[in-house]
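Here the structure is laid out as structure tokens; the discussion comes afterwards.
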2 protein chains.
Amino acid sequence: MADQVHRPGAEAGARVRAVRRARGLSLAALAEAAGVGKGSLSELETGRRNPTLDTLYALAGPLGVPLAALVEDRDGVAVADPDLETVRLHLLAEADRTVEVWLLRMPPGGRRRSPAHAPGTRERLVVLTGSCRVEPGDDAPLELAAGATAEWAADRPHAYTAGAGGMTGVDVITTPAPATPGG
Amino acid sequence: MADQVHRPGAEAGARVRAVRRARGLSLAALAEAAGVGKGSLSELETGRRNPTLDTLYALAGPLGVPLAALVEDRDGVAVADPDLETVRLHLLAEADRTVEVWLLRMPPGGRRRSPAHAPGTRERLVVLTGSCRVEPGDDAPLELAAGATAEWAADRPHAYTAGAGGMTGVDVITTPAPATPGG
DNA sequence: GACTAGGGTTCTGTATACGGAACCCTAGCG
DNA sequence: CGCTAGGGTTCCGTATACAGAACCCTAGTC
């Protein structure tokens, strides 16, 4: 295990800290709930550990996220945004594209701007509860009530705004490039 | 980290072995390519290790899969139908209705009839890969290619038929009354 | 039989992830 | 100032994941 460009352990640590903060949990509280040492959690969150799967799994439970969400290698995903909580439900890596299924949750009035994704990326949103307005690039805004679906090109900046009742939805992101970095 | 029901390390190990075999790689060849000890890989694959993220990341590259694919934890359990594999990704129980998010996978040509669900139940299907035909009751069949979405009333018998390339999709089921937990 | 080669497991010494104690803040209160 | 409490980090002894060597197959060839 020589020198590495990517440090998956450090990235997972940052994600743990982000989700913990988003949940309003103290480090001690999460350590207690997960049955993990306080010191271990501190060093893990600050990237000074290379955690084992057991440890991450123990943390995923109290944090309320699937284990894979802590391991996520898609960069630029903001899980630490008070206006947008994301949980990846599924990842499907194919030869020519990657499909991700995310659960989105936004507080009432929450607003989130997303930068452009990779060229050819498309998003499909199913609003489960509440309502949401999507602004895909310069196109006309889409007003989505509970139950509605929308689809747009995500390779340009776009924005979501939750309605007065907040929003819960499922977002399906299709990226046309293989997600697998070469060995 | 006392007694655990789930052993994410062992599950990841089994996945590594499965992917390695599928790639036609020997244990020694993968260990070499990943820069991981042969013995370490052996014990990891047989579930006698609790691997660190670094080790899994080193293996994910030569295996050509994203790291999360080795960690992926399916929470739901598949239904025993050779033509339809279902994984429940999410369950959202509200006061007046229940929203379930399912991942569906069907083999090429697979066909599945579904009986009528509770009155007022609606389904929304997003086809991720392959294609699918949906026959909602007596209405006209809906032909869905990859990326397409459809919505129909599910309180009457309906049927799905996968195309020649099989089908993977996300199904969102909204039931206006509290649904059976675990159903 | 001996010998070789490839695939996999077990052994061994070292590095490090672990839990937990000790410690370092900062804020609040007298 | 002292004292307390909560949040976080650093330190320490132990358990274990690590790399690599030694070993155990089985198949093939002579």
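Chain naming here is simple, since letters A, B, ... match the order of the sequence lines and numbering starts at 1 in each.
The existence of a salt bridge linking B:Glu45 and B:Arg20 is confirmed by a sub-4.0 Å separation between a basic side-chain nitrogen and an acidic carboxylate oxygen. Ionic pairing of B:Asp139 and B:Arg156 is present here: one or more N-O contacts between side-chain nitrogen and carboxylate oxygen are shorter than 4.0 angstrom.
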| task | Please report the C-alpha distance between A:Arg111 and A:Glu135 in whole Å, then the side-chain angles of each, then the deciding distance to 0.1 Å, and finally whether the salt bridge (Lys or Arg N to Asp or Glu O under 4.0 Å) criterion is met. | result | CA-CA 11 Å; A:Arg111 181 168 171 80; A:Glu135 295 164 83; 3.0 Å; yes
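A close approach under 4.0 Å does occur between a side-chain nitrogen or oxygen of B:Arg21 and OP1 or OP2 of C:dG8. Between B:Thr52 and C:dT16 there is no side-chain polar atom (N or O) within less than 4.0 angstrom of OP1 or OP2. Between A:Arg48 and the phosphate of C:dT16, there is no side-chain N or O to OP1/OP2 separation shorter than 4.0 Å. Residue B:Arg49 places no side-chain N or O under 4.0 Å from the OP1 or OP2 atom of D:dT16.
If you take CG of A:Leu41 and P of D:dG8, they are 9 Å apart, rounded to a whole angstrom. Look at CD on B:Glu43: it is 7 Å from P on C:dT10, rounded to the nearest Å. Between the CD atom of B:Glu45 and the C1' atom of C:dG8 there is a distance of 10 Å, given to the nearest Å. Atom P of nucleotide D:dT16 and atom CG of B:Asp54 are separated by 20 Å, given to the nearest angstrom. Distance CG (A:Leu53) to C1' (D:dA17): 13 Å, rounded to an integer number of Å. Rounded to whole Å, atom P of D:dG6 lies 15 Å from atom CG of A:Leu27. For the pair A:Arg20 CZ and D:dG7 P, the computed distance is 10 Å after rounding to whole Å. Taking atom CD on A:Glu32 and atom P on D:dG8, their separation rounds to 15 Å, with Å as the unit.
For B:Ser40 against D:dA19, a side-chain N or O and a base N or O form a donor-acceptor pair under 3.5 Å. Contact of A:Lys38 with C:dG19 (side chain to base): no donor-acceptor pair of N or O atoms is detected under 3.5 Å.
Shown here are the side chain to side chain donor-acceptor pair (under 3.5 Å) partners of A:Ser26, two or more places apart in sequence or in another chain: there are none. Looking at residues two or more places apart in sequence or on another chain, you find a side chain to side chain donor-acceptor pair (under 3.5 Å) between A:Arg48 and A:Thr46.
Using a 4.0 Å heavy-atom cutoff across all strands shown, B:Ser26 reaches sugar-phosphate atoms only and no base atom.
Looking at the side chain of A:Arg17, the nearest of the listed nucleotides D:dG8, C:dT9, D:dA19 is D:dG8.
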